[in-house]
Protein chains: 2
Amino acid sequence: MPPDVHEPDLHPPDLHQDVAARLAGRDGRYTGSRRDLIQALAEAGRPLTVDEIVERSPRQRPSSVYRNLAVFEAQGVVRRLAGVGDLARFELTEALVGHHHHLACQTCGAMTDVQLPHDLEVRLDEVLTQLAHSEGFTLSSHELDAVGVCQACSEGEN
Amino acid sequence: MPPDVHEPDLHPPDLHQDVAARLAGRDGRYTGSRRDLIQALAEAGRPLTVDEIVERSPRQRPSSVYRNLAVFEAQGVVRRLAGVGDLARFELTEALVGHHHHLACQTCGAMTDVQLPHDLEVRLDEVLTQLAHSEGFTLSSHELDAVGVCQACSEGEN
DNA sequence: ATGAGTGCAAAGGCTTTGCATTAGG
DNA sequence: CCTAATGCAAAGCCTTTGCACTCAT
């Protein structure tokens with residue numbers, strides 16, 4: 001049986017325990033604000049901008065959100081991605097929510113998480129590993145985003 | 001010889017003619033500065049930041065580079081991508097240089113263009129089209145970046 | 001000559017940082 | 001109690017924009 005890495009548990013209780021544990025290592029406090037932040041990212045199930053996080057976790061100001069995101073990023077809990085638009089988006093790392101990709105709307109910037117069939121994922125990794133090797137790179141991961149127009153935008157003709 | 005879709009001509013002369021033609025349509029002038037900009041992107045063979053463009057095309061200031069990039073983007077000559085780091089990177093569109101992906105160094109931010117085997121590309125499109133459809137999206141393209149550590153960074157242990 | 005293109009400087013917008021205050025453990 | 005965490009406001013930085021000048025056609 002192959003050492004399949006995917007599908008970690010992400011049920012809220014376990015998630016918060018996991019995050020708290022990663023923070024505890026280096027004198028980090030899992031405050032209510034930070035818990036709200038993680039909860040927001042977990043519930044969204046897609047990358048969020050700082051503004052979207054603030055909406056969902058109103059007790060912390062943007063500056064604190066940025067600081068907390070930086071802390072989480074350093075602990076491998078949160079990942080920052082550049083996204084299709086111009087604002088930074090953040091999501092829980094694959095260590096917490098598993099490997100996945102994104103479907104992004106080129107019109108409104110909305111994103112959704114999606115999963116690829118396992119065999120395609122494997123093939124991709126094989127090919128990319130080889131390609132990277134031939135360029136002198138050591139592959140560590142890959143990012144695949146499907147870009148298109150979401151239903152709302154194609155209907156509303158925004 | 002297989003009807004391989006990729007590999008459009010991008011030999012400097014043809015490239016500039018192509019770009020000039022696209023600009024000419026809507027009263028755009030292919031000035032020396034603009035030519036330098038396109039030349040820089042073509043020679044790099046990878047996405048460049050605005051600073052990198054200015055280094056390679058010193059006769060235009062950043063503000064002009066941004067303006068020209070915006071013009072080229074509107075004409076489908078240049079594409080802006082969010083990149084792995086935090087600064088915007090720009091590259092010639094696939095209409096000019098063909099479909100390709102990137103290999104990015106997570107340490108220094110360097111990027112290189114890479115090509116996937118045709119069959120994998122086809123399979124990817126099939127799967128993504130279907131996935132997008134099931135989410136109400138109309139797929140228009142996909143972006144795949146391999147992330148790793150380049151030779152220089154793994155040796156220098158930056 | 002006539003309007004596009006460019007430089008310069010100021011404005012914008014997201015993100016980061018300094019400092020004093022609050023609060024978690 | 002003691003240090004981390006937070007709010008607020010100021011600073012930073014990349015990017016955009018206004019305006020006058022220059023240049024291509």
Side-chain angles (χ1 to χ4, degrees), chain A residues 16-17 19-41 47-75 77-91 109 111, chain B residues 16-17 19-40 47-75 77-91 109:
Chain A
H16 290 298
Q17 274 183 35
V19 173
R22 289 174 192 253
L23 225 51
R26 335 186 183 183
D27 74 344
R29 297 173 185 172
Y30 199 40
T31 61
S33 294
R34 290 184 174 174
R35 190 189 164 92
D36 287 354
L37 196 168
I38 295 300
Q39 185 69 31
L41 289 176
L48 296 181
T49 63
V50 168
D51 281 348
E52 291 172 334
I53 293 172
V54 172
E55 284 172 22
R56 293 166 172 71
S57 172
R59 61 169 142 165
Q60 55 193 323
R61 304 299 157 211
S63 64
S64 296
V65 172
Y66 280 112
R67 265 189 288 232
N68 285 329
L69 286 169
V71 170
F72 285 136
E73 202 175 355
Q75 310 305 323
V77 172
V78 161
R79 187 170 87 93
R80 168 185 223 136
L81 47 93
V84 174
D86 36 0
L87 1 160
R89 285 179 179 271
F90 300 84
E91 65 178 0
M111 295 189 103
Chain B
H16 290 298
Q17 273 182 35
V19 172
R22 289 174 192 253
L23 226 50
R26 334 186 185 185
D27 74 344
R29 297 174 185 169
Y30 200 39
T31 61
S33 293
R34 291 182 173 176
R35 191 189 165 92
D36 286 355
L37 195 169
I38 295 299
Q39 184 69 30
L48 296 181
T49 64
V50 168
D51 281 347
E52 290 172 335
I53 293 171
V54 171
E55 283 172 22
R56 293 165 172 71
S57 174
R59 62 169 140 163
Q60 57 193 323
R61 304 299 159 213
S63 63
S64 295
V65 172
Y66 281 111
R67 266 190 286 234
N68 286 329
L69 286 169
V71 169
F72 285 137
E73 203 174 355
Q75 311 304 325
V77 172
V78 162
R79 187 170 85 94
R80 166 185 225 138
L81 49 93
V84 175
D86 36 0
L87 2 159
R89 283 178 181 273
F90 300 83
E91 67 179 359

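All chains are named by letter (A, B, ...) in the order of the sequence lines, taking the proteins before the strands, and each is independently numbered beginning at 1.
- Residue Asn68(B) has a polar side-chain atom (N or O) positioned under 4.0 Å from OP1 or OP2 of dT6(C).
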Expected rows: protein N/O vs nucleotides 23-25 of chain C N/O, under 3.5 Å:
{"from": "dG24(C)", "atom 1": "N2", "to": "Arg29(A)", "atom 2": "NH2", "distance (Å)": "3.1"}

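- Mapping Asp51(B) and Val65(A) onto DNA chain D by nearest heavy atom places Val65(A) closer to the 5' end of the strand.
- Counting heavy atoms from C-beta on, the side chains of Arg34(A) and Val19(A) never come closer than 4.5 Å.
- Gln60(B) has its CD atom 7 Å from the P atom of dG7(C), to the nearest Å.
- At whole-Å resolution of the value, CG in Leu48(A) and P in dC14(C) are 16 Å apart.
- For Ser63(A), whose side chain is taken as the heavy atoms from C-beta onward, the closest listed nucleotide among dT6(C), dT17(C), dT6(D) is dT17(C).
- Taking the six-membered ring for Trp and thresholds of 30 and 60 degrees, Tyr30(A) and His16(A) have ring planes inclined between 30 and 60 degrees apart.
- Between Ile38(A) atom CD1 and dA5(D) atom P the separation is 13 Å, expressed in whole Å.
- Side chains of Leu81(A) and Glu91(A) form a contact here, defined as non-hydrogen atoms less than 4.5 Å apart.
- In this entry the distance linking CD1 of Ile53(A) with P of dC14(C) reads 15 Å, nearest Å.
- Atom C1' of nucleotide dG5(C) and atom CZ of Arg35(B) are separated by 17 Å, given to the nearest angstrom.
- Within the 4.5 Å cutoff, no side-chain heavy atoms of Thr31(B) are placed close to those of Asn68(B).
- Annotation: side chain of Phe72(B) is in contact with side chain of Leu37(B) (closest heavy-atom distance under 4.5 Å).
- For the pair Asp36(B) CG and dT6(C) P, the computed distance is 10 Å after rounding to whole Å.
- The separation between Arg67(B) atom CZ and dC19(D) atom P is 13 Å, rounded to whole Å.
- Phosphate contact (OP1/OP2 of dC8(D), side-chain N/O of Arg61(A), threshold under 4.0 Å): present.
- Computed from coordinates, the Glu52(B) CD to dC14(D) C1' distance equals 14 Å when rounded to whole Å.
- Counting any heavy atom pair closer than 4.0 Å across all strands shown, Arg34(A) reaches sugar-phosphate atoms only and no base atom.
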